[in-house]
Protein chains: 2
Amino acid sequence: MGHGGARKGAGRPKGGGQYGEPTQPVRLPHSMIPSVLDYLANKGYQLPLFSSKVPAGFPSPADDHIEQHLDLNQHLIKHPAATFFVRVTGHSMVDAGIHENDILIIDRSLPALHGKIVVAAVDGQLTVKRLHQSAQGKLLLMPANPTFQPIEINDENDIHIWGVVTNVIHAV
Amino acid sequence: MGHGGARKGAGRPKGGGQYGEPTQPVRLPHSMIPSVLDYLANKGYQLPLFSSKVPAGFPSPADDHIEQHLDLNQHLIKHPAATFFVRVTGHSMVDAGIHENDILIIDRSLPALHGKIVVAAVDGQLTVKRLHQSAQGKLLLMPANPTFQPIEINDENDIHIWGVVTNVIHAV
DNA sequence: TCACTTGATTTAAGTTCAAAAATCAAATAT
DNA sequence: ATATTTGATTTTTGAACTTAAATCAAGTGA
């Protein structure tokens with residue numbers, strides 16, 4: 001009558017699930033469940049990173065000669081709560097490699113130091129400018145066109161620096 | 001003796017949990033649990049996107065005047081299984097806005113069409129080049145230096161196109 | 001003897017359950 | 001009268017439990 005019996009290898013195979021490894025139930029907020037499942041399906045967006053100086057005799061990225069794996073969010077966004085994006089309009093920063101429709105990654109938690117490219121609100125409008133610190137210690141927004149005067153940041157005018165540009169994302 | 005009693009508003013407040021909304025147990029693979037918790041803590045990296053043409057009288061990004069929310073992975077990576085990154089070495093593509101140490105996003109599933117910037121393996125080395133299709137329909141990799149000859153892609157030489165560059169990520 | 005069916009076993013996956021947390025109100029103490 | 005303690009209530013939250021899926025081996029029939 002006995003069919004089967006206690007033995008090694010019987011039963012549903014270990015690691016035969018959809019993830020190929022042990023799982024555990026964790027509670028997720030309702031609104032994030034679809035997004036997390038997408039995140040899982042894409043393995044956390046950990047994609048291979050190659051270097052163009054590495055010999056590449058193997059035409060498939062699915063081999064072992066991979067420098068490392070990268071998640072864009074983790075790599076580009078150090079302070080998620082303090083980071084936002086700005087889509088560029090106009091061509092005022094082409095000399096800094098910033099073009100129309102580029103997406104800028106802005107970190108509000110970084111100090112606005114001399115020479116940094118910043119996003120500021122000037123006349124109620126967002127603008128991207130390079131920050132200069134004068135000899136007197138005053139902060140100036142440098143315009144793209146040198147015939148215009150630098151814009152000083154002080155308590156009188158209503159100019160606020162929103163944050164420092166950390167990366168430029170350009171669609172080719 | 002009765003303390004408390006059935007009444008509206010008694011008990012632990014609804015939405016008082018760590019997520020402020022109902023939750024549900026979902027099975028996750030062990031290896032992804034830390035990464036998913038990080039993903040949740042950062043609200044799925046859905047960060048605000050502003051436009052620099054939008055009036056910005058409000059100095060805080062934490063207000064309602066936000067164009068939309070964006071997740072870099074979802075926005076930049078349309079085919080996760082076919083996408084990889086390449087870190088740029090050298091200055092051969094500066095005219096296309098590609099600089100040393102930039103990270104290129106490559107999609108292997110896009111057709112390598114005339115004019116596209118592609119990553120190819122030439123002489124066992126990864127290189128970034130613009131693709132040209134000649135009048136005869138031959139595919140050519142155009143070198144940065146015009147004194148060099150274009151490299152033809154055919155069955156004789158061992159040149160493979162790995163994928164099409166979709167975006168350039170540049171650290172300022 | 002070989003192919004097919006049936007029962008046992010083991011893991012996967014999702015639901016349910018029970019303990020913990022947080023709040024309100026009555027009871028008690030100051 | 002005011003502050004503190006205690007019990008009741010409701011939701012959260014992590015773990016236990018149950019059902020389903022997949023595999024092996026013995027039994028059955030051709």
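Each chain gets a letter, A, B and so on, in the order the sequences are listed, and its residues count up from 1. Just so it is clear, the structure is predicted and the values come from calculations on it, not from any experiment.
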S.K.: I need the CD-C1' distance between Glu21(B) and dT11(D), as an integer number of Å.
M.R.: 15 Å
S.K.: To the nearest Å, give me how far apart NE2 (His30(B)) and P (dA15(D)) are.
M.R.: 10 Å
S.K.: Taking for each residue the nucleotide of DNA chain C with the nearest heavy atom, is it Pro25(B) or Gly16(A) whose nucleotide lies nearer the 5' end?
M.R.: Gly16(A)
S.K.: Which of parallel (below 30°), tilted (30 to 60°) and perpendicular (above 60°) describes His99(B) and His170(B)?
M.R.: tilted
S.K.: Can you name the one residue among Asn167(B), Val168(B), Ile105(B) that meets side chain to side chain contact (heavy atoms under 4.5 Å, CB included) with Ile169(A)?
M.R.: Asn167(B)
S.K.: Could you work out which one of dT11(C), dT13(D), dA13(C) sits closest to the side chain of Gln18(A)?
M.R.: dA13(C)
S.K.: From CG of Leu28(A) over to P of dG14(D), roughly how many Å is that when rounded to an integer?
M.R.: 11 Å
S.K.: Quick check for you: among dA13(C), dA15(D), dT13(D), whose closest atom lies nearest to any side-chain atom of Gln24(A)?
M.R.: dA15(D)
S.K.: Which label fits Phe50(A) and Phe84(B): parallel for a plane angle under 30°, tilted from 30 to 60°, or perpendicular past 60°?
M.R.: perpendicular
S.K.: Filter on salt bridge (charged side-chain N to carboxylate O under 4.0 Å, His left out), then keep only pairs touching residues 140-153 of chain B, sequence neighbours left out; what's left?
M.R.: Lys138(B)-Glu152(B)
S.K.: Without decimals, in angstroms, what is the distance between Lys14(A) NZ and dA13(C) C1'?
M.R.: 16 Å
S.K.: Mind checking Pro22(B) for me? I need base, sugar-phosphate or nothing, with any heavy atom below 4.0 Å counting as a touch.
M.R.: nothing
S.K.: Nearest of dC17(C), dA22(D), dT15(C) to any side-chain atom of Arg27(A)?
M.R.: dC17(C)
S.K.: Hey, which sits more toward the 5' end of DNA chain C by its nearest nucleotide, Arg12(B) or Val26(B)?
M.R.: Val26(B)
